[in-house]
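Here the structure is laid out as structure tokens; the discussion comes afterwards.
From a predicted model like this one, the values you see are computed outputs, not experimental measurements. In what follows, every chain begins at residue 1, and chains take the letters A, B, ... in the order their sequences are listed.
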Number of protein chains: 2
Amino acid sequence: MTQGRPMRADARRNYERLLKVAAEAFAEHGENASLDDIAKRAGVGSGTLYRHFPTRQALLEAAYVDRIEALGARADELAKELAPGEALAEWLYELAVGTIQVRGMKALLGSAVTDGGAAALTVCGAVVKGAVARLVVAAQEAGALRGDVEPIEVLRLAHGVASAAELAGAGEKEIRRYLSLLGEGLGAVGR
Amino acid sequence: MTQGRPMRADARRNYERLLKVAAEAFAEHGENASLDDIAKRAGVGSGTLYRHFPTRQALLEAAYVDRIEALGARADELAKELAPGEALAEWLYELAVGTIQVRGMKALLGSAVTDGGAAALTVCGAVVKGAVARLVVAAQEAGALRGDVEPIEVLRLAHGVASAAELAGAGEKEIRRYLSLLGEGLGAVGR
DNA sequence: CACCAAACGGAGACAGTCCCCGCTTACCGT
DNA sequence: ACGGTAAGCGGGGACTGTCTCCGTTTGGTG
């Protein structure tokens with residue numbers, strides 16, 4: 001259903017160059033890297049870029065799918081290695097680290113987590129939501145996570161907390177701390 | 001220290017028109033409203049706008065100071081009316097509502113909460129940080145809030161949670177819910 | 001009422017986005 | 001091998017937004 005006919009050789013070449021260059025550019029200049037500049041660096045006209053990737057989102061998503069899919073796979077790895085609660089915690093931590101440290105990924109994950117219909121269909125959204133759903137359900141069955149939260153809510157809160165950590169100019173230590181505050185709750189009496 | 005000499009009459013007039021128009025524009029188009037357009041609508045040249053407010057941040061801040069100051073005052077009101085824990089919770093709720101519903105305010109509060117030096121000196125930063133510090137300390141003394149968190153951390157987490165709620169396309173109900181999840185912690189067993 | 005610093009304003013340089021449409025070229029059938 | 005054709009290219013250009021520079025205007029004094 002994806003291919004009517006395989007891509008023409010030159011088209012495929014350009015597509016892949018664009019992807020590679022885009023990943024570099026986003027890493028270097030953040031999510032607002034100039035698209036025309038990416039096209040230039042990939043040695044194609046801007047028309048070509050916009051035909052392959054109609055929106056910035058589309059390019060961002062395509063440039064990072066592999067990373068996102070790795071994250072999805074990581075969820076299952078963790079589920080095998082650790083107790084359900086731990087697995088969820090660790091995965092959220094790795095998600096948050098990605099959110100903050102890989103420039104451009106925040107916007108992508110943010111949109112993956114949004115309400116509305118459109119964003120729901122993206123590959124990233126599907127993978128991430130799927131992964132968190134598995135981990136959350138397992139953790140809830142193990143009694144390590146309160147039963148009245150939806151997976152998507154956990155995801156959103158983790159994303160929010162990652163943003164909070166970013167505001168702090170956070171390193172990995174702060175991310176861990178902020179996530180554990182979320183887990184334990186602010187109301188609980190001191191450590 | 002603020003005034004070498006009072007502002008010239010025309011300068012003051014323009015300054016105030018800009019502020020008024022800017023508040024409208026930010027409310028209508030979000031934090032990225034066109035600055036040149038604001039200038040035009042205020043009937044001044046763009047040079048005038050940029051002289052009064054060298055950066056978008058500066059204008060944003062000036063346009064919303066009164067609202068921020070109201071929030072600061074509200075903290076003290078709440079501190080009188082409610083128990084310390086409640087007061088903090090309610091204030092954070094009102095902060096979050098503002099963050100989400102008043103377009104343009106998110107960026108402002110976000111920068112107020114950032115680490116680094118530059119943003120620390122803004123009026124908004126000072127007011128908000130002051131308010132939260134008072135409420136947090138009181139809540140901690142009353143044992144309603146764990147003792148090992150800094151006020152700024154509470155602020156950042158609340159901001160993050162507000163973002164999370166925004167992602168959900170949240171109404172006031174969701175904001176309350178997400179904040180209470182933060183307060184109680186995800187790890188606690190179901191309601 | 002004349003002076004002059006303070007303030008104005010808008011043209012224009014620059015950067016980014018995105019579309020359009022004439023040209024090129026990879027791929028097929030013969 | 002080779003020509004026809006549609007898929008694909010690419011960059012010019014319209015548009016929007018930011019921010020600066022500098023000639024002109026104007027409010028407030030002495």
Side-chain angles (χ1 to χ4, degrees), chain A residues 1-63 103-104 106-108 111 118, chain B residues 1-63 103-104 106-108 111 118:
Chain A
M1 63 167 276
T2 328
Q3 321 279 79
R5 182 174 302 197
M7 244 176 175
R8 238 170 70 169
D10 53 345
R12 157 146 249 105
R13 226 178 6 254
N14 285 331
Y15 185 91
E16 260 147 30
R17 292 211 59 185
L18 278 170
L19 235 45
K20 196 178 137 215
V21 172
E24 289 168 18
F26 285 135
E28 188 175 349
H29 300 113
E31 56 175 311
N32 291 322
S34 159
L35 296 184
D36 275 32
D37 192 55
I38 289 175
K40 208 153 290 169
R41 282 210 248 169
V44 306
S46 47
T48 301
L49 187 155
Y50 285 103
R51 191 159 356 84
H52 283 304
F53 309 100
T55 66
R56 177 180 297 273
Q57 271 303 310
L59 180 55
L60 206 47
E61 168 144 353
R103 309 193 55 173
K106 185 178 168 187
L108 181 55
S111 81
Chain B
M1 63 168 275
T2 326
Q3 322 278 78
R5 183 173 302 198
M7 243 176 175
R8 236 170 70 171
D10 54 347
R12 156 147 251 106
R13 225 178 9 253
N14 285 331
Y15 184 91
E16 260 148 28
R17 291 211 59 183
L18 279 170
L19 236 44
K20 194 178 139 214
V21 172
E24 287 167 19
F26 285 134
E28 187 176 349
H29 300 113
E31 55 175 311
N32 291 323
S34 159
L35 295 184
D36 274 32
D37 193 56
I38 289 175
K40 208 153 290 169
R41 281 211 249 168
V44 307
S46 45
T48 300
L49 187 155
Y50 286 102
R51 193 161 351 88
H52 283 305
F53 310 100
T55 67
R56 178 180 295 274
Q57 270 304 312
L59 181 55
L60 205 47
E61 168 144 352
R103 309 193 54 174
K106 185 177 168 187
L108 181 56
S111 80

Contacts of Asp10(A) that satisfy salt bridge (charged side-chain N to carboxylate O under 4.0 Å, His left out) - sequence neighbours left out = Arg8(A)

In whole angstrom, what separates Phe53(B)'s CZ from dC19(D)'s C1'?
-> 16 Å

Using whole Å, report how far CG of Leu49(B) lies from C1' of dA7(C).
-> 14 Å

OP1 or OP2 of dC8(C) less than 4.0 angstrom from a side-chain nitrogen or oxygen of Asn14(B), does that happen here?
-> yes

Each nucleotide N or O in nucleotides 18-25 of chain C that has a protein N or O under 3.5 Å away: list the pair and distance.
residue : atom : partner  : partner atom : Å
dC18(C) : N4   : Asp36(A) : OD2          : 3.0

Pairwise ring pair (Phe, Tyr, Trp, His ring centres under 6.0 Å) hits with a residue in residues 9-48 of chain B, at least two apart = Tyr15(B)-His52(B), Tyr15(B)-Phe53(B)

In whole angstrom, give the distance that lies between atom CG of Leu60(A) and atom P of dT17(C).
-> 13 Å

Can you name the salt bridge (charged side-chain N to carboxylate O under 4.0 Å, His left out) partners of Arg51(B), sequence neighbours left out?
-> none

Output all residues satisfying ring pair (Phe, Tyr, Trp, His ring centres under 6.0 Å) with Tyr50(A), sequence neighbours left out; order by chain, then residue number.
-> none

Arg13(B) CZ to dT25(D) C1', straight-line distance once rounded to whole Å | 13 Å

Is there a side-chain polar atom (N or O) of Ser34(B) under 4.0 Å from OP1 or OP2 of dT16(D)?
-> no

Quick one: closest heavy-atom pair of Leu49(A) and Leu35(A), and the distance?
-> CD1-O, 3.3 Å

Would you mind reading off the distance between Ile38(A) atom CD1 and dA15(C) atom P, rounded to a whole angstrom?
-> 17 Å

Are OP1 or OP2 of dC8(C) and a side-chain N or O of His52(B) less than 4.0 angstrom apart?
-> yes

Separation of dG9(C) atom P from Arg17(B) atom CZ, nearest Å, is 11 Å

Would you mind reading off the distance between Arg41(A) atom CZ and dG16(C) atom P, rounded to a whole angstrom?
-> 11 Å

Salt-bridge criterion met for Lys20(A) and Glu16(A) (N-O under 4.0 Å) = no

To the nearest Å, how far apart are Arg12(A) CZ and dA7(D) P?
-> 17 Å

Which residues share a salt bridge (charged side-chain N to carboxylate O under 4.0 Å, His left out) with Arg41(B), sequence neighbours left out | Glu28(B), Asp37(B)

Could you identify which residues of residues 21-32 of chain B place a heavy atom less than 4.0 Å from some atom of DNA chain D, listed by residue number, or say none?
-> none

Only counting residues at least two apart or in another chain, list the ones meeting salt bridge (charged side-chain N to carboxylate O under 4.0 Å, His left out) with Arg13(B).
-> none

Residues that Gln57(A) engages under side chain to side chain donor-acceptor pair (under 3.5 Å), provided they are two or more places apart = Ser111(A)

